[in-house]
Amino acid sequence: GAGVSQSPSNKVTEKGKDVELRCDPISGHTALYWYRQSLGQGLEFLIYFQGNSAPDKSGLPSDRFSAERTGGSVSTLTIQRTQQEDSAVYLCASSLQGGVTDTQYFGPGTRLTVL
Amino acid sequence: GNSVTQMEGPVTLSEEAFLTINCTYTATGYPSLFWYVQYPGEGLQLLLKATKADDKGSNKGFEATYRKETTSFHLEKGSVQVSDSAVYFCAAGSSNTGKLIFGQGTTLQVKP
């Protein structure tokens with residue numbers, strides 16, 4: 001079946017612009033995660049959605065970052081007023097129920113470059 | 001909070017050599033432990049996992065055992081191939097949300 005998909009695959013933007021990154025999880029997966037992979041920070045957790053529960057936003061680096069998940073499926077990560085340090089690969093993952101033993105399946109990522 | 005430390009790379013081996021990549025964790029509770037692999041130009045994919053102490057995860061000739069007493073989850077393979085060249089990430093799953101805390105990644109290069 002279809003895996004996790006993300007769009008766009010690459011995004012180049014100018015400093016100060018807003019960007020939106022999209023994630024389509026695996027059908028039937030109730031849990032969705034966003035991570036960021038950068039040279040300086042490695043792979044770091046950003047935000048977690050599970051069903052109708054309040055999201056875990058504990059990994060968002062600043063209030064310029066926000067995310068939503070509509071209808072329990074597609075998610076959008078928004079970065080406002082982008083900065084050069086936001087340049088990274090943004091990864092989305094989904095899992096069946098979000099439990100600690102669940103396997104997370106990752107999308108191919110969106111490479112964001114802020115000029 | 002949870003943290004994961006894995007050996008720094010790059011690790012360069014000849015084909016058929018024995019591989020060990022060390023990984024240790026600190027965590028509250030009992031996290032699940034994972035090894036993910038990222039092949040060149042590809043996305044992250046699960047290699048193996050273990051969900052409780054003394055469990056052994058295995059896949060594609062790779063193995064790792066969840067050692068609670070040493071808080072470790074070292075990755076091993078008896079005979080590496082050129083196709084194993086990739087970046088390997090050790091990760092611990094949070095005991096409540098399942099969010100993953102990753103190590104810094106270890107690059108493995110296998111030469112023919």
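Labels below follow one simple rule: chain letters A, B, ... track the order of the sequence lines, proteins then strands, and each chain is numbered from 1.
For a residue to count as touching a neighbouring chain, one of its non-hydrogen atoms must lie under 4.5 Å from one of that chain's; by this rule Gln38(B) touches chain A with the side chain only. Looking at Gln37(A), the atoms closer than 4.5 Å to chain B (heavy atoms on both sides) all sit in the side chain, from C-beta outward. Interface residue Lys49(B): only side-chain heavy atoms are found under 4.5 Å from chain A. For chain A, the nearby parts of Leu100(B) are the backbone and the side chain; heavy atoms of each come within less than 4.5 Å.
Taking the salt bridge (Lys or Arg N to Asp or Glu O under 4.0 Å) definition, one finds that Arg69(A) meets it with nothing, sequence neighbours left out. For Gln83(A), the side-chain contact (heavy atoms from CB on, under 4.5 Å) partners are Lys15(A), Arg64(A), Glu85(A), Asp86(A), not counting sequence neighbours.
Remark: side-chain polar atoms of Gln6(B) are paired, donor with acceptor, to backbone N or O of Gly105(B) under 3.5 angstrom. Looking at Ser75(A), its side chain does come within 3.5 Å of a backbone N or O of Glu68(A) through a donor-acceptor pair. Although no hydrogens or angles enter the test, the distance criterion places a donor-acceptor pair under 3.5 Å between the side chain of Ser85(B) and the main chain of Val110(B). No donor-acceptor pair closer than 3.5 Å links the side chain of Asn22(B) to the backbone N or O of His74(B). Of the possible donor and acceptor atoms, one in the side chain of Gln6(A) sits under 3.5 Å from a partner among the backbone N and O of Cys92(A).
Under the 4.5 Å side-chain heavy-atom criterion for ILVMFWY residues, no single connected hydrophobic cluster contains both Phe34(B) and Met7(B).
Contact of the Val4(A) side chain with the His29(A) side chain is not registered, since no non-hydrogen atoms from C-beta on lie closer than 4.5 Å.
At a heavy-atom separation below 4.5 angstrom, chain B is approached by Tyr48(A), Asp56(A), Ser58(A) within residues 46-60 of chain A. Contact annotation for residues 104-115 of chain A against chain B (heavy-atom separation below 4.5 Å, listed by residue number): Gln104(A), Phe106(A).
Ring geometry, Tyr88(B) versus Phe62(B): the interplanar angle falls from 30° to 60°, so the pair is classed tilted.
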Exercise. Where do Tyr35(A) and Phe102(B) land on the ring-ring contact (aromatic ring centres under 6.0 Å, His included) test, with the steps shown first?
Worked result: CA-CA 10 Å; Tyr35(A) 296 87; Phe102(B) 285 91; 5.6 Å; yes
